[in-house]
There are 2 protein chains.
Amino acid sequence: MDGVFKALSDPNRREILNLLKKKDLSVTEIQRHFKITGPSLSHHLDILKRANLVIAERRGQFIFYSLNISVFEETLKMFIKLFSK
Amino acid sequence: MDGVFKALSDPNRREILNLLKKKDLSVTEIQRHFKITGPSLSHHLDILKRANLVIAERRGQFIFYSLNISVFEETLKMFIKLFSK
DNA sequence: CTAATATTTAGACAGTTATCTAAATATCTA
DNA sequence: TAGATATTTAGATAACTGTCTAAATATTAG
């Protein structure tokens, strides 16, 4: 679970998750919302992927990213547990 | 809110929060559970303090740390919002 | 097949973080 | 007050992170 908190500790990555709430997006589409380069974005997506917070899936020409809701639920439970006595 | 996720991204700090769930503890008492030096622990406590996740209060000879529940609630809300469409 | 577009990988670099030792500050006890 | 205990501050260092440019890989279109 370490990776999840690490992944959430960067504002760009939280914003990516926020964008993906509305709908799945390709890297290029995500990129429009940021001023960082492609490789930097790719790096952030990799961290989110490894934390299992997002899922990447190629659809023809593009790779679409989407939220991994099930991991969110687990993380939420973990988070609540972290504070409840 | 950036500081909260950063604070939570370290396993030692999460363990400190976990210890404080049971009861308030002095630095020396917290230290018993870790193999890091005093200054390192002090550094972690400072980060938790600045994220408002804990409160420090001197009681005579010792400084006791306790969970700041209200900030936990805010953070939990933020966390849920981060994922709910 | 070649060129164009989409995305990732490799390698470098500056800034941040976790850790340490040594020293400073604060409080208590004798 | 002097010495012991509790905690923090200062300064150093190695590892990690976010960013970049250049190059590699994958897919589509002509």
Side-chain angles (χ1 to χ4, degrees), chain A residues 1-20 22-68 71 75 82, chain B residues 1-20 22-68 71 75 82:
Chain A
M1 272 301 170
D2 205 62
V4 175
F5 284 114
K6 282 242 170 71
L8 291 172
S9 74
D10 179 89
N12 280 335
R13 291 194 288 267
R14 292 200 300 276
E15 183 57 24
I16 291 170
L17 294 175
N18 207 42
L19 290 171
L20 294 179
K22 299 196 190 69
K23 62 184 175 81
D24 301 0
L25 294 172
S26 71
V27 177
T28 313
E29 287 171 321
I30 295 169
Q31 175 115 41
R32 284 198 203 103
H33 296 80
F34 297 92
K35 58 182 191 339
I36 61 179
T37 62
S40 293
L41 176 56
S42 192
H43 168 69
H44 286 307
L45 290 172
D46 187 52
I47 288 169
L48 289 170
K49 221 183 328 183
R50 280 202 297 243
N52 266 303
L53 287 167
V54 302
I55 295 165
E57 177 199 6
R58 182 175 281 277
R59 293 182 203 164
Q61 200 171 355
F62 305 96
I63 294 177
F64 276 80
Y65 281 81
S66 57
L67 287 187
N68 186 356
V71 166
T75 307
L82 186 64
Chain B
M1 271 300 170
D2 206 63
V4 175
F5 284 114
K6 281 244 170 70
L8 292 173
S9 73
D10 180 271
N12 280 335
R13 289 194 288 267
R14 291 202 299 278
E15 183 57 25
I16 291 170
L17 294 175
N18 206 42
L19 290 171
L20 293 179
K22 299 195 190 68
K23 61 186 176 79
D24 301 359
L25 294 171
S26 71
V27 177
T28 313
E29 287 170 321
I30 295 171
Q31 176 116 41
R32 283 197 203 105
H33 296 81
F34 297 92
K35 59 181 190 340
I36 61 179
T37 61
S40 293
L41 177 55
S42 191
H43 167 69
H44 287 305
L45 290 171
D46 187 51
I47 287 169
L48 289 170
K49 221 183 327 181
R50 281 202 296 243
N52 267 304
L53 288 166
V54 302
I55 295 164
E57 178 198 6
R58 182 175 280 277
R59 292 181 203 165
Q61 201 169 355
F62 304 96
I63 294 177
F64 276 81
Y65 281 80
S66 57
L67 287 187
N68 187 356
V71 166
T75 307
L82 186 63

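Any value given below was found using the heavy atoms of this structure, including those in side chains, with hydrogens, waters and symmetry copies removed. Just so we're on the same page: letters track the sequence lines, and every chain starts at 1.
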(request) Could you list the residues that satisfy side chain to side chain donor-acceptor pair (under 3.5 Å) with A:N68, not counting sequence neighbours? (result) A:S70
(message) Quick check for you: to the nearest 0.5 Å, what is the distance between B:L20 atom CG and B:E15 atom CD?
(response) 10.0 Å
(message) Distance under 4.0 Å to a non-hydrogen atom of chain A counts as contact; along DNA chain D, which nucleotides mark the start and end?
(response) D:dT17 to D:dT28
(request) Locate the shortest heavy-atom distance separating B:R13 from B:K6; write the atom from each residue and the value. (result) NH2-O, 3.1 Å
(message) How long is the straight-line distance from CD1 of B:I30 back to NE2 of B:H44, given to the nearest 0.5 Å?
(response) 11.5 Å
(message) Taking side chain to side chain contact (heavy atoms under 4.5 Å, CB included) as the definition, give me every residue that meets it alongside B:V27, ordered by chain and number, with sequence neighbours left out.
(response) B:L41, B:L45, B:Y65
(message) Just verifying a value: how many Å separate A:D24 CG and A:I63 CD1, rounded to the nearest 0.5 Å?
(response) 13.5 Å
(request) Could you check whether B:F64 gets within reach of a base, just the sugar-phosphate, or nothing at all, counting any heavy atom under 4.0 Å? (result) nothing
(request) Residues of residues 52-63 of chain A with any non-hydrogen atom less than 4.0 angstrom from an atom of DNA chain D: list those, numerically ordered, please. (result) A:R58, A:G60, A:Q61
(message) I need the residues from residues 31-46 of chain B with at least one non-hydrogen atom less than 4.0 Å from DNA chain D; give them sorted by number, or say none.
(response) B:G38, B:P39, B:S42
(message) Restricting to non-hydrogen atoms, name the atom on A:E29 and the atom on A:H33 that form the minimum distance, rounded to 0.1 Å.
(response) O-ND1, 3.3 Å
(request) Return the minimal non-hydrogen interatomic distance between A:S9 and B:F5, and the atom names on each side. (result) CA-CB, 3.7 Å
(message) Give the residues of residues 5-15 of chain A touching DNA chain D, defined as any heavy atom closer than 4.0 Å, sorted by residue number.
(response) A:K6, A:D10, A:N12, A:R13
(message) Rounded to the nearest 0.5 Å, what separates atom CD1 in B:I16 from atom CG in B:L67?
(response) 11.0 Å
(message) Let me confirm one number: the NE2-CG distance from B:H43 to B:N12, rounded to the nearest 0.5 Å.
(response) 10.0 Å
(request) Calculate, to the nearest 0.5 Å, the distance between atoms CD1 and CG belonging to A:I47 and A:L8 respectively. (result) 11.5 Å
(request) Please report the shortest heavy-atom distance between B:G3 and B:A51, naming the atom on each side. (result) O-CB, 3.6 Å
